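Every heavy atom of this structure was used, including side-chain atoms; hydrogens, water molecules and symmetry mates were not. A quick note: this is a predicted structure, and the numbers were derived from the prediction, not measured.
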Amino acid sequence: MVLSRSRVLALIGALALLAPAMPVGAVSTDTRIDFGGNKHIFGQNWEDEPSVALDPAHPNILAAGVNDNPDGEACNAGDPTTCPYDETGGAGISFSMDGGSTWTAPIYTGLSARNCLGPEECVPDPNGPISTPPWYDQIGMYTIGDPALAFGPKPDANGHFSWANGSRLYYADIALPFLSNTAFKGQDGIYVSRTDDVAGAMAGTKSAWMAPVFVSKPNAAVTHDKNQLWVDNAASSPFFGNVYECNVAFRGAGKSYYGNGEPIPDPLVFARSTDGGTTWSTRQLSAATNNNQTGGRQACSVRTTSDGVVVVIWFGRSDTVLSKTSVIYEARSYDGGVRFEKPRPIGTTTSIGQVDPADGTTSIDGVAGARTWNAPVIDIANGAPTGAGATNRIVVAWSDDRNGTNQEQGWLITSTDKGATFGSPLGFGRTGDRVNQPAIAISPDGANVYVVYNAYLDPWRSTTADPRRMLGVVRHASWGSFGTWTTLHTGTIADVRAATSNTIELEFLGDYNSAVATNSGVFGAWNDARDTSPCPVIYAYRQSLLDGSPTAPPAPQNDCPDGFGAASIYGGWYTP
């Protein structure tokens, strides 16, 4: 759906009068976030890894990014048993102006294979419809995902940041060069798109977006992963308006970093911008060593306090011994990201799921299953948008199986001294839930804490024959009452065996969920399988690969029911 810009502007004006109250349209159910993909075409119908941002100055306005393929060719184009990715965008965008009750996926123009439905080979249209951030094809790049979104204040003509100037949305992701782009001397890059005109961006106005800016430095031997983004969004901070990005830079292009190959040097890299995302400086926050003694690292997350302290966390682990205990590290900066104290451990995690013989990663539900990890996430009660009433309480969450096999639990540690010390881990999952990939949010005043996670209800499956039930869960606890969690919402139970991307050999549901809170409630978004349809022929094919007697690969668009592969993102606003 494309809305007129005037209609969206009128809606923004009306809703802005409500800030900073709880968003209107708050729901007690959930809704599917629309990212523009066709749920009936395999190859275009999957979505995973949501990232939701809320405008602190106008809390009814939300934006969401996702890994998806709305602009890609159908699997039926060419050989119907292969589903290749093309050079079209793989990072979707959607907007809500009513607190997340309804969502609009804008349509821009760009390089698109959306109408390549087969049976002939695909010929992308350079002026076709796209539902991914625009202007990438003009610079010879295309997005592949890991979106990270954040709102911050817009700078004025003199570079001064103020919420009175308006809001700026930042959208960071990983992009690859076209094969024809020989000028790009790297494997991939972290890019940031920006808009000061959310109304125009939502209405499909391509010019509402600035051209994407290159954050990471090109290097032919480096592959970036798990990009995260944050804006110092509390006006009380001396570094108000600074933008921060972190990722892990794998030094060994083309090599695996999931444990089935040799260890790869993988330092944690941090970038900062002080001019609204126009220019960036980068630095390395961790060692690059990766061996049986030191392990590697992954999955950073960054937030700021009301007085501008930058807190970055990540986890270190062994790339060769997946069951080895991992360490959660923290590094802090007191000068706006210029210098950081030495990283130090703030907690430990154990493994999660089991090693999947299909590809050597860990999966949460069974063989040829949905991959998982024990990555930590962080949030800070910094009083945004003004900083008033900030407690600067910090919450860090993750999940692991320290309780035993098939007993994954979600864990929380907290700090009341801006990350100087943390308490002991406290569980937050429901009884019977195998907690996976939690997101965490704390209200700006620090009074309420929320978690959003996928709950797996069956033990890890050793074959592909049996159902693997999963749903989304939203829970709440008041600060200091972490022994009492209340379930605010449970989603629809579905079998995740039918959730996949273009690779039919494995399930896929991505690596994280999303949550963002105000002082009144939380918007949570999670990976969801309720829109998928089972396809026994695919399950049998996966089992044949595991058994070492591969059968002929099926053609999913022809051999499976409508909806196979149609993983979605669902979410909603919930109040304690």
Would you say [Y] and [X] are linked by a side-chain donor-acceptor pair, where the criterion is simply a distance under 3.5 Å?
{"X": "Tyr512", "Y": "Asn527", "value": "no"}
{"X": "Asn247", "Y": "Gln228", "value": "no"}
{"X": "Asp71", "Y": "Thr132", "value": "yes"}
{"X": "Tyr570", "Y": "Asp531", "value": "yes"}
{"X": "Asn374", "Y": "Ser399", "value": "no"}
{"X": "Asn448", "Y": "Trp479", "value": "no"}
{"X": "Asn67", "Y": "Glu49", "value": "yes"}
{"X": "Asn454", "Y": "Asn436", "value": "no"}
{"X": "Ser568", "Y": "Trp46", "value": "no"}
{"X": "Asp98", "Y": "Ser96", "value": "yes"}
{"X": "Ser131", "Y": "Arg114", "value": "yes"}
{"X": "Asn76", "Y": "Asn558", "value": "yes"}

Qualifying salt bridge (Lys or Arg N to Asp or Glu O under 4.0 Å) pairs, either residue in [range], two or more places apart:
{"range": "residues 434-454", "result": "Glu408-Arg434"}
{"range": "residues 547-569", "result": "none"}
{"range": "residues 467-478", "result": "Asp365-Arg468, Asp458-Arg469, Arg468-Glu507"}

ask   = Is the distance between the ring centroids of Phe564 and Phe42 less than 6.0 Å?
value = yes

query = Which one of Phe482, Trp398, Trp485 satisfies the ring-ring contact (aromatic ring centres under 6.0 Å, His included) criterion with Phe428?
reply = Trp485

query = Between Asp30 and Arg530, does at least one N-O distance fall below 4.0 Å, as a salt bridge requires?
reply = yes

